[in-house]
Chemist: 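Mind having a look at this structure? Questions to follow.
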Amino acid sequence: MKTSTLFTTTLLILALLFTSCTRQESTMTKQSFGKTPDGTEVFLYTLRNKDGMEARITNYGGIVVSLLVKDRAGKLADVVLGFDSLASYIKDTPYFGALVGRYGNRIGKGEFQLAGVKYTLAKNNGANHLHGGLKGFDKVVWSVDEKASVPGESLVLTYLSRDGEEGYPGNLAVRVVYSVTNDNALRIDYSASTDKVTVVNLTHHSYFNLAGAGSSAILDHELFIDAGRFTPVDSGLIPTGELKSVVGTPMDFTAQTAIGARINENYEQLQKGGGYDHNWVLNKPLASMELAARVYEKSSGRTMEVLTSEPGLQFYSGNFLNGTHVGKGGVKYQHRYGFCLETQHFPDSPNKPGFPTTVLEPGKTYSSTTIYRFSTK
Ligand code: GLA
């Protein structure tokens with residue numbers, strides 16, 4: 001072969017290698033997830049760590065669409081409930097994998113007062129307001145800060161919630177960073193600032209099933225919650241204001257217990273929630289980043305630890321799932337096929353002066369971190 005031909009061939013091979021690498025890189029980290037009804041294209045971003053743990057997240061609603069985690073034999077499975085298509089998320093979702101705001105959980109009668117002004121929100125949950133209203137942060141298209149994101153490692157989402165959106169005061173600039181870390185965690189860092197006094201309570205709404213999404217009910221999962229008290233609710237799931245001891249009740253998860261062990265007990269709070277759907281008052285000091293809960297699933301060996309800077313944890317046992325949602329791979333999600341551990345400030349805090357405050361003032365920064373960390377046993 002002539003030197004010039006050899007040179008050209010080498011160049012060609014190098015060019016091919018380069019394009020295939022970059023192509024692989026881009027398909028690995030970002031792909032189209034379709035368009036919203038108004039024609040906005042949204043994307044699916046893949047984050048993956050050295051160990052193969054992988055999250056796929058869309059900027060529609062900041063939804064974690066899938067989360068692959070190893071079992072004790074090293075086999076990956078998707079441990080969160082969700083849909084295969086954007087259309088299904090748009091049509092009807094019980095907040096699968098979503099970012100929830102401006103106020104996660106309920107606000108009684110959809111009303112509160114701030115600095116002498118009364119604000120009225122949508123009543124989208126019976127007489128009450130739930131998860132930010134009719135079009136909460138779970139249903140908006142977030143901007144992706146590609147410069148600040150690290151391809152394959154972290155995804156930075158931003159959203160400007162306008163003054164008056166869903167009835168809330170103040171332009172609220174929100175930033176959420178999702179990361180998949182090398183210690184097998186999905187980490188979520190939230191921050192926000194406002195130009196008018198407002199309330200903020202951001203959370204994440206993945207439904208987990210550590211045996212694999214769609215495989216079974218979560219009743220055998222064993223749960224530990226580091227909380228000696230919870231906030232009892234009325235029939236609309238609005239806290240009464242009391243912080244009640246868990247001692248001697250089916251709400252006591254201070255010793256690791258199967259979710260299903262006491263779920264059908266004749267206990268008034270369980271009847272009100274149709275199972276577990278309550279806020280636990282974490283023992284840890286307010287705002288410190290500590291372990292809040294741990295879940296263990298025997299058959300796979302998977303363990304999930306939840307660490308948070310938040311004072312509360314909503315443990316929801318998937319009571320409203322009833323087989324009507326057809327999830328990934330065409331599987332119907334039956335009653336209690338997933339559970340949520342939503343780190344948060346307490347529900348209805350804007351109307352409960354005794355609860356830790358959710359008020360955000362101009363010039364101050366809201367910040368909150370939650371880590372879902374996986375291992376096996
Ligand atoms: C939260 C609520 C539940 C339910 C789910 C979504 O966890 O506390 O009552 O509304 O969201 O279905």
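None of the values given here were measured: they were computed from a predicted structure. Counting starts at 1 for both ligands and their atoms, following the listed order. The first residue in the sequence is number 1, and the count goes up from there.
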Chemist: Output all residues satisfying side chain to side chain donor-acceptor pair (under 3.5 Å) with Glu146, sequence neighbours left out; order by chain, then residue number.
Modeler: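 In terms of side chain to side chain donor-acceptor pair (under 3.5 Å), with neighbours along the sequence ignored, Glu146 is linked to Lys30.
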Chemist: Taking only heavy atoms of the protein into account, state which residues are under 4.0 angstrom from an atom of ligand 1, in chain and number order.
Modeler: Pro94, Tyr95, Arg106, Leu130, His131, His205, Tyr207, Leu237, Asp277, Gln314, Tyr316, Phe320, Glu342
Chemist: With sequence neighbours excluded, tell me which residues meet ring-ring contact (aromatic ring centres under 6.0 Å, His included) with Tyr296.
Modeler: none
Chemist: Quick one: ring-ring contact (aromatic ring centres under 6.0 Å, His included) partners of His131, sequence neighbours excluded?
Modeler: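 His131: ring-ring contact (aromatic ring centres under 6.0 Å, His included) contacts with Tyr95, His205.
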Chemist: Can you tell me which residue among Gln314, Gln344, Glu342 is in a side-chain hydrogen bond (donor to acceptor under 3.5 Å, both in side chains) with Asn279?
Modeler: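 The passing option is Gln344.
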Chemist: If the threshold is 4.0 Å, N to carboxylate O, is there a salt bridge linking Glu305 and Arg373?
Modeler: yes
Chemist: Parallel, tilted or perpendicular for Phe208 and Phe339, by the 30°/60° rule?
Modeler: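 The rings of Phe208 and Phe339 sit tilted, inter-plane angle from 30° to 60°.
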